[in-house]
Amino acid sequence: MTNTAETRAFRVHARHVDAHHARTLIEASFEAAAVAYMEHLHDLPDDGGEISVVVREVESGHEHSFRVHLGDGDPASEA
């Protein structure tokens, strides 16, 4: 996992999963990291609704939360 000028390291986990199960991903944005995490998430809730995902940029520590709708996979920023 090598960072380039266009990518950064992010630590991502779903709120319904313990934070120690977070994954480190190299992506171009917070949103891209959330989507990449969801592509490999196996512990999905049975209700088929939305999942809350926490994305933290490793270098800066900045954090964003997203709600990802399981039907279309589009991340929406949480307030």
Side-chain angles (χ1 to χ4, degrees):
M1 285 194 260
T2 303
N3 289 1
T4 67
E6 298 85 30
T7 61
R8 300 171 281 179
F10 295 94
R11 193 86 175 131
V12 187
H13 75 277
R15 287 195 190 275
H16 74 281
V17 177
D18 289 333
H20 71 274
H21 290 292
R23 295 188 60 215
T24 301
L25 302 167
I26 306 299
E27 293 292 338
S29 68
F30 286 90
E31 294 85 358
V35 171
Y37 176 81
M38 290 298 299
E39 289 174 349
H40 299 284
L41 182 62
H42 299 288
D43 188 11
L44 298 173
D46 293 331
D47 63 10
E50 295 180 335
I51 292 180
S52 181
V53 178
V54 179
V55 181
R56 182 177 55 85
E57 185 180 20
V58 173
E59 186 176 314
S60 71
H62 289 131
E63 200 172 89
H64 290 280
S65 296
F66 298 94
R67 287 184 320 273
V68 180
H69 188 271
L70 295 176
D72 59 19
D74 286 339
S77 189
E78 288 185 346

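It should be emphasised that the depicted structure is a prediction, and the values quoted were computed from it without experimental measurement.
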Heavy atoms of Glu31 and Phe66 approach each other most closely as CG-CE2, 3.8 Å

Identify, with sequence neighbours excluded, every residue that meets side-chain contact (heavy atoms from CB on, under 4.5 Å) alongside Arg56. Arg11, Glu63

Residue pair Leu25 / Ala33: nearest heavy atoms and the distance that separates them: CD1-O, 3.5 Å

Taking all non-hydrogen atoms of both residues, which atom of Arg23 and which atom of Ala36 are closest, and how far apart? NH1-O, 4.4 Å

Suppose we screen for side-chain contact (heavy atoms from CB on, under 4.5 Å). Which residues come up paired with Ala14, at least two apart in sequence or across chains? His16, Val17, Tyr37, Leu41, Ile51

With clusters defined by side-chain heavy atoms of hydrophobic residues (ILVMFWY) lying less than 4.5 Å apart, directly or transitively, does Val54 cluster with Met38? no

Distance check, rounded to the nearest 0.5 Å: Ser29 atom OG versus Arg8 atom CZ? 7.0 Å

Would you check, one step at a time, whether the test side chain to side chain contact (heavy atoms under 4.5 Å, CB included) holds for Val12 with Val53? CA-CA 7 Å; Val12 187; Val53 178; 3.4 Å; yes

Value rounded to 0.5 Å, distance of CZ in Phe30 from NE2 in His64: 4.0 Å

